[in-house]
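Some notes on the structure that comes next.
For this chain, numbers begin at 1 and follow the sequence in order. All ligand and atom numbering here is 1-based and tracks the order in the structure. A quick note: this is a predicted structure, and the numbers were derived from the prediction, not measured.
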Amino acid sequence: MPATEPGKIRNIAVVGHRGVGKTSLVEALLFQAGKTNRLGSIEQGTTVSDWDEDEHRRQMSLSGTLTHLEWQGRKINLVDCPGDAGFQSDSYAALRVVEGALVVLSGVMGVEVNSSRVWARAEEYGLSRVVFVNMLDRERADFFRVLEAARTQLSDRCVAIQIPVGAEHELTGVVDLLHMCAYMDPSGGKEGGPQPIPEAMADQVQEYREKLLDAVVETNEDLMARYLEGEELPAADVADALKGAVSRDEIYPVACGVVTKNLGTTALLDLLVEGVPSPARKGTTIEFGDAKQAVFVYKTIADPFAGRISCFRVLSGPVTGDTTLVDPRTHAKERLGQILLLQGKDNVAVDALGVGDLGAVAKLKDVVTGDVLVDHEVPVEPPHIDFPQPVMSFAITPKAKGDEEKMAAGLRRLSEEDPTLQMRRDQQTGEQLLSGLSQMQVEVACDRLRGRFHVDVELHPPRVPYKETIRKEARARHRYKKQTGGRGQFGDCEIVITPIQNGDEGPTYEFVDKIVGGVISQSYRPAVDKGVREAMEHGDLAGAPVYGVRVTLVDGMEHTVDSSEMAFKIAGSLAFKDAYQKADPVLLEPIMELEVTVPDDTVGAVNGDLNSRRGRLHGMEPAGGMTTIRAEVPMAEILTYSQALTSMTGGRGDYSMGFLRYEEVPTHVAQKIIESTKKEREAAKA
Ligand SMILES: Nc1nc2c(ncn2[C@@H]2O[C@H](COP(=O)(O)OP(=O)(O)OP(=O)(O)O)[C@@H](O)[C@H]2O)c(=O)[nH]1
Ligand SMILES: [Mg+2]
């Protein structure tokens, strides 16, 4: 099979909020295009793109899945992306390798948090966008309300290219305003051919067709002139102008349907072919120098059987199974081997893959997500994909002693697959931490450790990374002296400690040497610094590291025979401990910025709960039956928020959070923390 020409490819990432029907939409498109012979469903776990066992169990997508189909002689590559906040990285990776984003909205909920997020990322990458308003058969669904929401919240260049026939459970079809025809409810079967528009809709169709034509001709002078002269514009000319406008980001067409009934798929497939630019027309901004063959790896799958699978876009080519490329990051040569077209979990080998196409290979040696491979070493800057930083951490331990190495190896593989899943050992608490964007993401990782790597693990809330600092200046002198027989020890220093900042910004430590007249030799002064730093690793309040202190060495004394670096280090350390107690030390805690989206009828309960967690509310925005609450909450109070939110909202709430700053712990709370760490320390000593 020869490689598909770039002009005949459409690369599209299907993105949007959690549960708006993206996977069902891809399923319907594959079915309508004849790639599959039945319409699979989420409920039965029979869709092409949610094929993984964990996806079936949770009835949601957990990773970006590549599928493809042919329509009107074009190859459409669709990447079905997960909508959950914990799995955003796959949307961001997919958006980096496509020309178009198909942004799916729920006809009930309208523009939700994650839809705005992916929209912004598509904007950043300059991607063409098509909006699809789904679930129009549901109660309280309203295409026109959602269209307005898209126009105000996403872009005022959103314009309807289809409108529904009827509404909610009486929805019976979709009108295609470009080709001026209708498609009627196929109730899950194959959608039939175009039909006449129901007469009763004539006025409404006229109104929206004019809005569409106004928007399109606005972007094309020739068409504008003909339109103003009253010419009936041929659909092909409008389609061509539309494609130009969509590829230049001047128009975002809004389509609609009910994908679980397969309604609206013909008009949408036509729109994707006619509206979204091909790689030949728009192309990628990823650099590959003058390489004749080059690919960009946008995703890695850790498959326990096939090993590592690298999904890529061909930047320059074609590439074949014999192609050997070099990774400028490692300078290693990599032979591609069998080139695969992915269709959910299935794959077929192909001889070659052309420029702009998406495919995969298995078992590259050292390639990671984000690498550009080229035929000869050219200095290319790999495209940086800005992945979100993890917002929550869990302490993770294997259930069986001795499984630590196996657990670490599995986690390494999983974080290759998902760069927002990170593991590290907390220096301060000694715990092995697994961090991610949501509790769900971390729990799925644990399921995969069990399923794919055969390690059972336990998660615990992590310890909060408290810090300590001082509020005022203090001075202390310490003489460390042991002079009984033989060579003794002598170090004497006086220091002043001064607060330099309030937590995490600016310098966290400074050492200033103000010794005059050489009362301590130059060679011993760094030892004082070292001793102070050691003492600062565990503050006296709760054993947390001390930040934000300037230490000035002002005076001291040395002994010609007995002084040593060791003695000055100890003196420095003890002088710091003395000064610290006098400097009004305080405990600091991390404060998180929280965004919770919950059904309107649960707002009272959720706000009350946030209050009891020492939260400070910053704002509330209601939209389409849901309210987004913004608040600041101490990390210590929100470690196990997920369960609470699920029980308050019956599983309909969503939240995301990020680190904001360190703040002083209120006295009554600090007292409890200090007492409990004191007890722990005593218990450890006993
Ligand atoms: N009534 C109705 N239900 C739909 C429609 N589309 C999807 N659903 C249902 O909505 C639920 C979510 O559908 P999915 O296709 O998994 O949605 P998704 O956007 O892929 O979800 P994530 O990948 O988890 O973000 C499933 O139960 C579907 O059967 C629709 O047009 N009408
Ligand atoms: Mg999905």
query: Which one holds for Met135 and ligand 1: side chain close, backbone close, both close, or neither close, with close meaning a heavy atom under 4.0 Å?
result: both
- request: May I ask you to identify the nearest protein heavy atom to atom 17 (O) of ligand 1, giving residue, atom name and distance to one decimal place in Å?
  value: Gly21 N, 2.9 Å
- prompt: Hey, does Met60 come in under 3.5 Å of ligand 1, counting only N/O atoms on both sides?
  reply: no
- request: Decide whether Lys22 and Ser61 meet the rule of one side-chain donor and one side-chain acceptor closer than 3.5 Å.
  value: no
message: Check Glu416 with Arg412, please: is the shortest side-chain N to carboxylate O separation under 4.0 Å?
response: no
message: Taking distance alone, with N or O pairs closer than 3.5 Å, would you say Arg138 contacts ligand 1?
response: yes
Salt bridge Glu417-Arg308, side-chain N to carboxylate O under 4.0 Å: no
message: Is there a side-chain contact (heavy atoms from CB on, under 4.5 Å) between Leu147 and Val133? Walk through the geometry before answering.
response: CA-CA 8 Å; Leu147 175 66; Val133 182; over 6 Å; no
message: Classify the ring geometry of Trp119 against Tyr252: parallel below 30°, tilted from 30° to 60°, perpendicular beyond 60°.
response: perpendicular
- line: min-distance protein heavy atom vs atom 18 (P) of ligand 1 -> Lys22 N, 3.3 Å
query: Is Lys8 atom NZ crowded by more than 12 heavy atoms from other residues, nucleotides or ligands, each under 6.0 Å away?
result: no
statement: Ranked by distance from atom 15 (O) of ligand 1, the top protein heavy atom is Ser24 OG, 2.5 Å
message: Between Arg313 and Phe296 (side chain of the first, backbone of the second, donor and acceptor by atom type, cut-off under 3.5 Å), is there such a pair?
response: no
task: Count up the protein N, O or S atoms sitting under 2.8 Å from the Mg ion (ligand 2), would you?
output: 2
query: Nearest protein heavy atom to atom 30 (C) of ligand 1, by residue and atom, and its distance?
result: Thr260 OG1, 3.2 Å
N/O separation below 3.5 Å, Val20 to ligand 1: yes
task: Under 4.0 Å, heavy atoms only, figure out whether ligand 1 is touched by the backbone of Glu43, its side chain, both or neither.
output: side chain
side-chain hydrogen bond (donor to acceptor under 3.5 Å, both in side chains) assessment of Thr420 paired with Gln441: CA-CA 9 Å; Thr420 61; Gln441 181 196 22; 2.8 Å; yes
task: Kindly say whether Thr23 contributes a backbone atom to a donor-acceptor pair with the side chain of Glu27 at under 3.5 angstrom?
output: no
- request: Would you tell me which option among Ile42, Leu25, Asp50 has the nearest heavy-atom contact to atom 16 (O) of ligand 1?
  value: Ile42
- request: Please lay out, stage by stage, how Arg58 and Asp447 fare under the test salt bridge (charged side-chain N to carboxylate O under 4.0 Å, His left out).
  value: CA-CA 12 Å; Arg58 295 187 149 86; Asp447 287 352; 2.8 Å; yes
query: Would you say Ser41 contacts ligand 1, with heavy atoms under 4.0 Å as the rule?
result: no
query: Looking only at N/O atoms, are Asp80 and ligand 1 under 3.5 Å apart anywhere?
result: no
message: Checking a contact table here: which protein heavy atom is nearest atom 22 (P) of ligand 1, and how many Å away?
response: Gly19 N, 3.6 Å
task: Would you mind listing which atoms of ligand 1 come within a distance below 4.0 Å of any non-hydrogen atom of Gly83?
output: 22 (P), 23 (O), 25 (O)
- prompt: Is the NZ or CZ atom of Arg121 both under 6.0 Å from the centre of the six-membered ring of Tyr92 and within 45° of that ring's axis?
  reply: yes
task: Give the single entry among Leu136, Thr23, Asn134 that approaches atom 31 (O) of ligand 1 most closely by any heavy atom.
output: Asn134
task: Report yes if some N/O of Val258 lies less than 3.5 Å from some N/O of ligand 1; otherwise report no.
output: no
message: If we set the cut-off at 4.0 Å for heavy atoms, which region of Val259 has an atom near ligand 1: side chain, backbone, both, or neither?
response: both
- prompt: Between Asp137 and ligand 1, which residue portion shows a heavy-atom distance shorter than 4.0 Å: side chain, backbone, both, or neither?
  reply: side chain
task: In sequence, state the C-alpha distance, the side-chain angles, and the governing distance for Thr300 and Thr369, and then conclude on side-chain hydrogen bond (donor to acceptor under 3.5 Å, both in side chains).
output: CA-CA 6 Å; Thr300 307; Thr369 301; 2.7 Å; yes
message: Under the criterion side-chain hydrogen bond (donor to acceptor under 3.5 Å, both in side chains), I'd like the reasoning laid out for Asn262 against Gln32: C-alpha separation, chi angles, the key distance, then a yes or no.
response: CA-CA 8 Å; Asn262 193 31; Gln32 185 63 21; 2.8 Å; yes
- prompt: Which residue owns the protein heavy atom closest to atom 23 (O) of ligand 1, what's the atom, and how far is it?
  reply: Ser61 OG, 2.7 Å
query: In this structure, are over 12 heavy atoms from other groups packed under 6.0 Å from Lys345 atom NZ?
result: no
message: Does this structure show an ion pair linking Lys282 with Asp249, if we count only N-O contacts that are shorter than 4.0 Å?
response: yes
statement: The atoms of ligand 1 lying under 4.0 Å from a heavy atom of Arg18, numbered in the order shown, are 24 (O), 25 (O)
- prompt: Should the pair Arg18-Asp654 be classified as a salt bridge under the 4.0 Å nitrogen-to-oxygen rule?
  reply: no
